[in-house]
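A quick write-up on the structure given underneath.
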Amino acid sequence: MFTHVTVGTNDLVKARSFYDSVLGTLGYKRLTDLGDGGSIWGESAPEFFVLKPANGQPACFANGGTISFTAPSRAAVAAFHKTALAAGGKDEGAVGPRDWAPNAYAAYARDLDGNKIAAYCFRPE
């Protein structure tokens with residue numbers, strides 16, 4: 001359904017460090033940098049972009065929006081959350097089961113720019 005997902009940032013250096021560590025817990029890596037304009041992460045193809053807004057205005061987050069990443073295990077969900085908080089992110093939902101789908105296990109955080117992110121594993125324990 002999607003070719004990629006993008007969030008904005010007001011501090012690209014801090015955003016790169018945050019997402020390198022947080023997405024690394026899920027097996028994703030930074031694939032390329034777009035100079036001073038942004039960076040791209042993914043497993044092997046460009047999937048998640050962090051960009052400075054093209055219009056030059058400050059980046060802002062969407063109220064009600066969440067970007068959720070696939071986690072390979074429940075332990076990776078916990079590592080994602082712990083790493084996000086250690087890197088300066090804010091807690092938006094503790095690690096644990098979610099009742100909307102069978103075996104749903106997740107955690108939520110906000111990145112340094114206020115974007116809401118999550119990690120989900122749907123594998124049984």
Side-chain angles (χ1 to χ4, degrees):
M1 177 182 283
F2 302 103
T3 60
H4 64 279
V5 174
T6 301
V7 296
T9 186
N10 293 304
D11 190 327
L12 188 55
V13 172
K14 287 182 179 178
R16 283 175 174 156
S17 177
F18 180 87
Y19 281 108
D20 283 346
S21 62
V22 172
L23 294 181
T25 65
L26 303 177
Y28 303 115
K29 62 185 179 229
R30 187 173 356 152
L31 300 175
T32 192
D33 291 327
L34 306 170
D36 292 334
S39 293
I40 302 170
W41 286 260
E43 198 168 14
S44 60
E47 297 170 281
F48 181 69
F49 293 50
V50 177
L51 304 173
K52 291 176 115 180
N55 66 4
Q57 298 297 309
C60 58
F61 58 88
N63 186 22
T66 303
I67 297 169
S68 184
F69 299 93
T70 300
S73 66
R74 291 178 176 210
V77 169
F80 164 91
H81 193 253
K82 180 180 180 181
T83 302
L85 300 184
K90 305 291 184 219
D91 181 25
E92 277 291 324
V95 176
R98 300 301 191 267
D99 62 5
W100 66 268
N103 301 312
Y105 192 84
Y108 289 80
R110 293 231 180 232
D111 73 7
L112 304 178
D113 290 288
N115 298 296
K116 191 173 181 183
I117 57 175
Y120 265 83
C121 177
F122 292 97
R123 294 180 181 181
E125 261 184 277

Looking at [X] and [Y], what are the two nearest heavy atoms and their distance?
X    : Y   : value
F18  : A87 : CD1-CB, 3.6 Å
A106 : V77 : C-CG1, 3.5 Å
A118 : T66 : CB-CG2, 4.1 Å

request  = Verify, without hydrogens or angle tests, whether D113 (side chain) and N10 (backbone) share a donor-acceptor contact under 3.5 angstrom.
outcome  = yes

Apart from M1 itself, residues in the same hydrophobic cluster as defined by side-chain heavy atoms under 4.5 Å = F2

query = So which residues get pulled into Y120's cluster when ILVMFWY side chains under 4.5 Å apart are joined, directly or through others?
reply = W100, Y108, F122

Contact list for residues 46-62, test salt bridge (Lys or Arg N to Asp or Glu O under 4.0 Å), sequence neighbours left out =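 As it turns out, there is no salt bridge (Lys or Arg N to Asp or Glu O under 4.0 Å) pair with a partner in residues 46-62 once direct neighbours are skipped.
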
task = Among residues two or more places apart or on two chains, list those pairs meeting salt bridge (Lys or Arg N to Asp or Glu O under 4.0 Å) that have a residue in residues 92-105.
result =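 Matches after skipping sequence neighbours: E92-R110.
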
message = Listing request: all side chain to side chain donor-acceptor pair (under 3.5 Å) pairs with a residue in residues 78-90, at least two apart in sequence or in separate chains.
response =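 Side chain to side chain donor-acceptor pair (under 3.5 Å) check on residues 78-90 returns H81-D91.
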
Please output the side-chain donor-acceptor pairs of residues 36-43 that fall under 3.5 Å, not counting sequence neighbours, one pair per line with the distance.
| unit_1 | atom_1 | unit_2 | atom_2 | d |
| --- | --- | --- | --- | --- |
| S39 | OG | R16 | NE | 2.5 |
| S39 | OG | R16 | NH2 | 3.3 |
| S39 | OG | D33 | OD1 | 2.5 |
| W41 | NE1 | D20 | OD1 | 3.0 |

With [X] via side-chain contact (heavy atoms from CB on, under 4.5 Å) - residues at least two apart:
X   : value
P53 : N55, A59
A15 : T9, V50
K14 : D11, L112
A76 : L26, A71, P72, S73

request  = With sequence neighbours excluded, tell me which residues meet ring-ring contact (aromatic ring centres under 6.0 Å, His included) with Y28.
outcome  =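 Per chain and number, Y28 pairs via ring-ring contact (aromatic ring centres under 6.0 Å, His included) with no residue.
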
inquiry  = Under the ring-ring contact (aromatic ring centres under 6.0 Å, His included) definition, can you give me all pairs with a residue in residues 52-74, not counting sequence neighbours?
reply    = F48-F69

ask   = Taking a hydrophobic cluster as the set of Ile, Leu, Val, Met, Phe, Trp and Tyr residues connected by side-chain heavy atoms closer than 4.5 Å, whether directly or through intermediates, do L34 and L12 fall within one such cluster?
value = no

ask   = Is V5 reachable from I117 through a run of I, L, V, M, F, W or Y residues, each pair having side-chain heavy atoms under 4.5 Å apart?
value = yes

